[in-house]
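Remember, predicted model here, so these are calculated numbers, not experimental data.
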Amino acid sequence: MYTFYEELRKEYAGKVRFVARYFPIPSHINAMNAALAVEAAAQQGYFEQMYKMMYETQTQWAEQQESKAELFRSWAEQMGLYMA
């Protein structure tokens, strides 16, 4: 869906407002951490960067059964986000 969604955003840029919502599901071990990482980035003006990073690397973390919180933190640090 990410690719399709991005095509829609380009096609309707300036005509339609796209809103991101988080719906982390309990059965997905990294869902809440991913949502928190994107929201923390958004609060610092880096929503687009973190959102794209999550989707472009989804195959690396989404199906994992261990927490990837440290991976998400490392991306935030690379983006220069305030970590405290």
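Legend: residues meeting side-chain hydrogen bond (donor to acceptor under 3.5 Å, both in side chains) with Glu39, ordered by chain and number and at least two apart, are Tyr22, Gln43. Taking the side-chain contact (heavy atoms from CB on, under 4.5 Å) definition, one finds that Tyr5 meets it with Arg9, Phe18, Tyr51, sequence neighbours left out. Evaluation of the side-chain contact (heavy atoms from CB on, under 4.5 Å) rule for Met53 yields Thr57, Trp75, Met79 as partners, not counting sequence neighbours. Listed by chain and number, the residues in a side-chain contact (heavy atoms from CB on, under 4.5 Å) with Ala40 amount to none (sequence neighbours excluded). Taking Ala69 as the reference, Asn33, Ser67 meet the side-chain contact (heavy atoms from CB on, under 4.5 Å) condition, with sequence neighbours excluded.
Tyr82 and Phe72 are assigned to two separate hydrophobic clusters, defined by single-linkage of ILVMFWY side chains at heavy-atom distances under 4.5 Å. Hydrophobic cluster membership differs between Phe23 and Tyr2, with clusters built from Ile, Leu, Val, Met, Phe, Trp and Tyr side chains linked at under 4.5 angstrom. Hydrophobic cluster membership differs between Trp61 and Ile25, with clusters built from Ile, Leu, Val, Met, Phe, Trp and Tyr side chains linked at under 4.5 angstrom.
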Checklist entry - Is there a side chain to side chain contact (heavy atoms under 4.5 Å, CB included) between Lys10 and Leu8 once you walk through the steps? => result CA-CA 5 Å; Lys10 287 178 186 172; Leu8 288 176; over 6 Å; no
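Residue pairs meeting the salt bridge (Lys or Arg N to Asp or Glu O under 4.0 Å) criterion with at least one partner in residues 53-69, sequence neighbours excluded, are Glu66-Lys68.
Listed here is the closest heavy atom pair of Ala41 and Met50: CB-CB, 3.5 Å. In terms of heavy atoms, Ala37 sits closest to Met54 at CB-CE, 3.6 Å. When all heavy atoms of Ala35 and Pro24 are compared, the closest pair comes out as CB-CG, 4.3 Å.
Here the side chains of Gln64 and Ile29 are not in contact, with every heavy-atom distance at 4.5 Å or above.
Counting heavy atoms of neighbouring residues, nucleotides and ligands inside a 6.0 Å radius, atom OH of Tyr55 does not exceed 12 of them. Other residues, nucleotides and ligands place no more than 12 heavy atoms under 6.0 Å from the OH atom of Tyr12.
The CD atom of Gln44 sits 8.5 Å away from the CE atom of Met83 when rounded to the nearest 0.5 Å.
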